[in-house]
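Each residue takes its place number in the sequence, starting with 1. First listed ligand is number 1; within each ligand, the first listed atom is number 1. Any value given below was found using the heavy atoms of this structure, including those in side chains, with hydrogens, waters and symmetry copies removed.
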Amino acid sequence: MLLIQDVIKRYGALTALNKVSLQVEAGEFFGLLGPNGAGKSTLMSLVSGLRAPDAGTITLDGQALNTADAAGRLALGLVPQHIALYQELSPDQNLRIFGQLYGLRGSLLHERVEEALVAVQLTDRRKDQVKHFSGGMQRRLNLAAALLHRPKLLLCDEPTVGVDPQSRNAIFEYLERLNRAGLTIIYSTHYMEEATRLCSRIGVIDHGEILAHGTLDELLTRLPFEDEIRFPANPETAGLAAQLPAHGELATLDGTHRFRPRADYRLSTFFLLAESLGLPARLFTSQRPTLEALFLHLTGRNIRE
Ligand SMILES: Nc1ncnc2c1ncn2[C@@H]1O[C@H](COP(=O)(O)OP(=O)(O)O)[C@@H](O)[C@H]1O
Ligand SMILES: [Mg+2]
């Protein structure tokens, strides 16, 4: 559906995107995961046609993206990182204005505004001024505005920053429903939990480059270890701990050992060893590695730094 090839974007001397290539298929919930300054919003602005790339191509269904024509504009919806609403006006008035920008008129406009208010649970506040709304309510309204014209591709740029947990859940559930109904979504975030929960495929971006992309499982298999095992660091487990550095990476923090076995070391071997030392299974918890570990592995930094 969306094909991004060798896209470069510079701001003066700064290269914000350096030869980014990505493909997003129809029906996907694609996550763009990266820390602040990675280039997520820049990429969103190129895909939505707000800015032009310095090099490379972006095509939607085989056609060069052309947001100058009505069809190109109608294909896309953008929920920008910074709320874009008329603060003095009500949800009703905001949605009517956005709907009209997309060419909706009369009873169709009326219908879509009603639907949108229900979908984002703002019917009871429809006549109030937006400036009195919480961040979460504004974000929900901004999302509704991006969907009035029923785009086939929705771009959501960090839509949960500054949003209370209740609104965040409402946003997640709404996006998941839309995606199940066939909407293709590109969702940028610096929260790995969000990418893990929502996205069918994820691209990890840092310093303007896509470092890895794939499903969560595909990404995690790039790590040189599989499950990690935690157990208490105490005299009882000292004999076991002494043997582990030969088979992987052992770290100790706050009275807990964390063991990341090398890919060729089987967990069954580990548990046999523990058993032979008389250590009960309840001492051990195993955990799948996370995107956080992947980011650390790819960049040497934590995503939140
Ligand atoms: N309008 C702009 N002018 C100059 N530099 C910019 C502009 N927008 C973004 N940048 C820089 O480009 C890089 C990528 O920014 P951005 O795309 O906003 O990243 P993200 O959305 O992942 O936080 C950052 O270093 C940022 O400071
Ligand atoms: Mg951004």
Side-chain angles (χ1 to χ4, degrees), residues 2-24 28-58 65 67 76-85 135-136 138-143 145-146 151 153-163 167-168 171-172 175 184-199 201-214 216 219 290-292 294-305:
L2 180 73
L3 188 60
I4 300 171
Q5 283 174 303
D6 296 325
V7 160
I8 296 176
K9 179 68 193 174
R10 296 188 194 92
Y11 299 110
L14 180 104
T15 302
L17 294 175
N18 189 13
K19 290 210 153 209
V20 166
S21 297
L22 271 182
Q23 191 164 350
V24 177
E28 279 195 305
F29 202 136
F30 187 87
L32 200 55
L33 177 71
N36 283 335
K40 303 180 297 297
S41 296
T42 300
L43 189 56
M44 292 287 196
S45 72
L46 298 184
V47 173
S48 60
L50 295 173
R51 289 196 182 95
D54 293 310
T57 57
I58 302 178
L65 254 189
T67 47
L76 292 166
L78 171 67
V79 187
Q81 177 168 2
H82 300 290
I83 302 271
L85 294 168
Q138 297 204 16
R139 187 63 78 176
R140 271 145 57 200
L141 185 57
N142 223 168
L143 176 58
L153 174 62
L154 179 69
L155 308 169
C156 291
D157 195 4
E158 305 221 42
T160 61
V161 172
V163 167
S167 283
R168 191 169 62 215
I171 290 171
F172 287 171
L175 291 177
T184 309
I185 300 176
I186 303 181
Y187 184 104
S188 84
T189 182
H190 64 276
Y191 297 119
M192 50 150 203
E193 309 83 10
E194 293 190 354
T196 304
R197 160 168 176 179
L198 294 169
C199 300
R201 238 156 37 86
I202 298 163
V204 180
I205 182 168
D206 188 35
H207 294 314
E209 296 189 18
I210 301 287
L211 301 178
H213 57 88
L216 183 63
L219 289 172
T290 60
L291 286 171
E292 187 93 42
L294 177 74
F295 193 82
L296 185 66
H297 175 67
L298 291 171
T299 66
R301 286 177 294 119
N302 274 309
I303 197 161
R304 287 173 212 285
E305 269 167 17

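Between T184 and L2 there is no side-chain heavy-atom pair separated by less than 4.5 Å. Annotation: side chain of T57 is not in contact with side chain of D6 (no heavy-atom distance under 4.5 Å). Using a 4.5 Å heavy-atom threshold, the side chains of L141 and L85 count as touching. M192 has its side chain out of reach of L294: every pair of non-hydrogen atoms, C-beta onward, lies at least 4.5 Å apart.
Nearest protein neighbour of atom 9 (C) of ligand 1, counting heavy atoms only, is Y11 CE1, 3.4 Å. Given atom 11 (C) of ligand 1, the protein heavy atom at minimum distance is L14 CD2, 3.5 Å. For atom 17 (O) of ligand 1, the nearest non-hydrogen atom of the protein is T42 OG1, 2.5 Å. The nearest heavy-atom contact from the protein to atom 18 (O) of ligand 1 is S41 CB, 3.7 Å.
Taking a 4.0 Å cut-off on heavy atoms, G39 registers as neighbouring ligand 1. For the pair P35 and ligand 1, a heavy-atom separation below 4.0 Å is found.
Atoms CD1 and CZ, on I185 and F30 in that order, are 13.5 Å from each other to the nearest 0.5 Å. Once rounded to the nearest 0.5 Å, the distance linking CG of N18 with CZ of R10 reads 8.0 Å.
Interface of A38 with ligand 1, defined as ligand atoms under 4.0 Å from a residue heavy atom, comprises 19 (O), 20 (P), 22 (O). When each atom of ligand 1 is checked for a heavy atom of N36 under 4.0 Å away, the hits are 23 (O). Residue contact check: A16 has heavy atoms under 4.0 Å from atoms 12 (O) of ligand 1.
In summary, Q81 places an N/O/S atom under 2.8 Å from the Mg ion (ligand 2), meeting the contact criterion. Coordination check, S41 versus the Mg ion (ligand 2): passed, since an N/O/S atom of the residue sits under 2.8 Å.
Residues R51 and T42 bring no donor and acceptor atom of their side chains to less than 3.5 Å of each other. Under the 3.5 Å distance criterion, with hydrogens and angles disregarded, no donor-acceptor pair is assigned to the side chains of T160 and R168.
Although no hydrogens or angles enter the test, the distance criterion places a donor-acceptor pair under 3.5 Å between the side chain of K40 and the main chain of G34.
Taking only nitrogen or oxygen atoms, main chain and side chain alike, E158 does not reach within less than 3.5 Å of ligand 1.
Checking each of I186, L76, L175, L78 against L154 for a side-chain contact (heavy atoms from CB on, under 4.5 Å) leaves exactly one that passes, namely L175.
Residue contacts with ligand 1 for R51 involve side-chain atoms from C-beta outward but no N, CA, C or O (heavy atoms, distance under 4.0 Å).
Between atom 14 (C) of ligand 1 and the options S45, G37, A13, S188, the minimum heavy-atom separation is to G37.
Under the 4.0 Å distance rule, the nearest protein heavy atom to atom 20 (P) of ligand 1 falls inside the cut-off.
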